[in-house]
Amino acid sequence: MKGKTRLTIYLRTIKKHFIQGMRVKKLRLKWALPFQFTNILLGVLSYIYYAQTFGAKSPFLKPYGGNFLAYILIGMVVNSLLVSTMRAPSSKVMRLFMSGMSSGRQTISLMDHIMLSGDPMSAVIIGQILDSWVDEVVTIVIYLVAGYLLGFKLEYNANYLLAIIAVILGVLASLGIGFISASLVFIIGPWRGIDPMLWIVSTLGGVFSGVYFPIEVIPENIRFISYLLPQTYVLEVCRDALLRRVGFFEPIYPLTVLLIYTIILLSAGVFFLRKALVFLRKNPIPGL
Amino acid sequence: MNMDPVKVIDLTRIFTLPTHVSISNFPGTPAGFLTKLYYEYFKKGNRITIKALDRINLTLRRGEILCLLGPNGSGKTTLLKIIAGLLLPTSGKVLIDGIDILNLTCEEIARRVTYIPGLLLGGAWINGFFTLKENLRNYAELLNLDKGRIEWALEITGLSEIKNVKAAALSSGIHARLVLASGLLKESGIYLMDEPMTGLSREIVVDLLGYIKNLRKAGSSILYATNSIEEAERIADRVAILNKGRIMAIGTPEELVEKIKEEIVEIEVEGINIGVFRENIERALPGESKVRIEPLNYTNDLLKAYLTTKDSRELLPPLIDRVVKSGGKVRFVKVHKPTLEEVFIKFTKLSGGGNERKD
């Protein structure tokens, strides 16, 4: 019964913050939507033309059917979702801290108001980042529609379920990284703007996880970095499932590693977030 | 030995007045205790430890308004944030309804205590693109408060007529009222009010102070932080003077006045110059007394002096005698107890100037 109540509070908190986020987003999108839509469309078009110009002849793409457009679209769509999930918690936490009012050394931020509500902070963060996910879903749809119009097609017998499982695990692992990153914001101070955890994982991910090119291109002596990143495994399973149309058991190794990453990172994220909140209550001006 | 457990019924949960305030049948019993409370934090940049609160002992009684009177930076907000559960004390205890707040979750504390910051600090949630009513609805949702009280809170803070105007189009005084309205969305046994009247016009302050008194009548306890002597004089049952993180004095305004055991003498003279008058006073006064002389006209032969002394009966006869012998005439003499403002200045000066506390 108690567990059920806690779950209810948790879900209610997520819903509440999601609705509030969407209300604010609605105000902004009334003006900004056409501009954002055009930006995304032009961005994806430039990648597609780039793929058509240079991509097709690479021997590294043979295992993926030799279609660079399909390769890069899957990479961009999945990476975009993972990176935004990683970034959202710390950026939302920074916003909650920075949208405060100060008088001398005293500040009461939105974070303080939220703490007064007693709602679980991880649920607050998930609720706050759900509207970012709405953005991401819209972006992904634009990517896929633009890609489809220019020749990107998936076969009917691709393993869509496996790809969805890999993406869900990847999103949860990224959420764990995001929670750890948000905890660091509590400790090092929101005004610094960058936290090392997120910077390392997202920056290295862009180069080493195989978003834009297969990791086989990377020299062997530094390729170990690719295997340390959870994004690498998500992308590998997604491409195997959608382009090579493998069954559930063939990518068992990357799937297992991804599952382990998810469990460890999500637990660590929640743990560090709790510790960071206690730290915050002992140090009124984080990072100063 | 077997003893029957004492059963305490929290009447605040049973009766609710139509004015949306809680009731308690135990006036005078403690609602909150603070014992030997310290709060320190390390400021990395300057490599110093700030002692924001030092040995705070305080009891908030049920159904009283306790004014926390202190200059800027004296530790008022830090103290209120600790009671609200936003900060953890370095050492010491905060008991609310007999329970250590360390054993309560933020939500459980929030159920017992309402924290109302003033405009200077409390308006972070106000979004200029939403109307006043929408802002209040968002805040109520954010903090799980009663949305059914929004109209009432808007009315009591005088915002009903402009509730559908966007916040960005309104003055800071209106925002201050909105912050106060947000604090009224919840019934609570204890209200922590942190300079809630900052930025409000006088007539609104008078109205709202009246409302706060009504909360007290209904049994709520209010810890009211302010640096305004006038507000304290208007509503305080007791006053705690806080400076440099320490409680310098606590008591009813009358008790505080008694504590400093001084009298203020106002004396107006004419026909002598300021130098002669000062010399007369210095000769008549005991060494530790304080003197301030103001000329009342341009020729400087009508003067008024304010003297602080332990015993006016010792001072006045020789002083009047000296003034008369110097050719002057005493026009007016008044002896009175110090005002709360004078008491406040006295106690804050006792702890020295400046507010930064370093160890």
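Numbered from 1 within each chain, the chains take letters A, B, ... in sequence-line order.
Considering all non-hydrogen atoms of both residues, B:L142 and A:S117 come closest at O-CB, 3.4 Å. Scanning both residues, B:Y115 and A:L116, for their nearest heavy atoms gives CD2-CD1, 3.9 Å.
Heavy atoms closer than 4.5 Å to chain B are found in both the backbone and the side chain of A:R23. Heavy atoms of A:V124 lying under 4.5 Å from chain B are absent altogether.
In this structure, B:K166 places its NZ atom where only 12 or fewer heavy-atom neighbours from other residues, nucleotides or ligands lie under 6.0 Å away. At most 12 heavy atoms of other shown residues, nucleotides or ligands fall within 6.0 angstrom of atom NZ in B:K133.
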Open item on the list: Would B:F130 and A:V24 count as a side chain to side chain contact (heavy atoms under 4.5 Å, CB included) here? Give the steps.
Closed with: CA-CA 9 Å; B:F130 289 123; A:V24 176; 4.1 Å; yes
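If you take CE on A:M115 and CG on B:L87, they are separated by 8.0 Å, rounding to the nearest 0.5 Å. Note that CD1 of A:I19 is 6.5 Å distant from CD of B:E141, once rounded to the nearest 0.5 Å.
Listed for the A:Q20 side chain is a donor-acceptor partner under 3.5 Å among the backbone atoms of B:N138.
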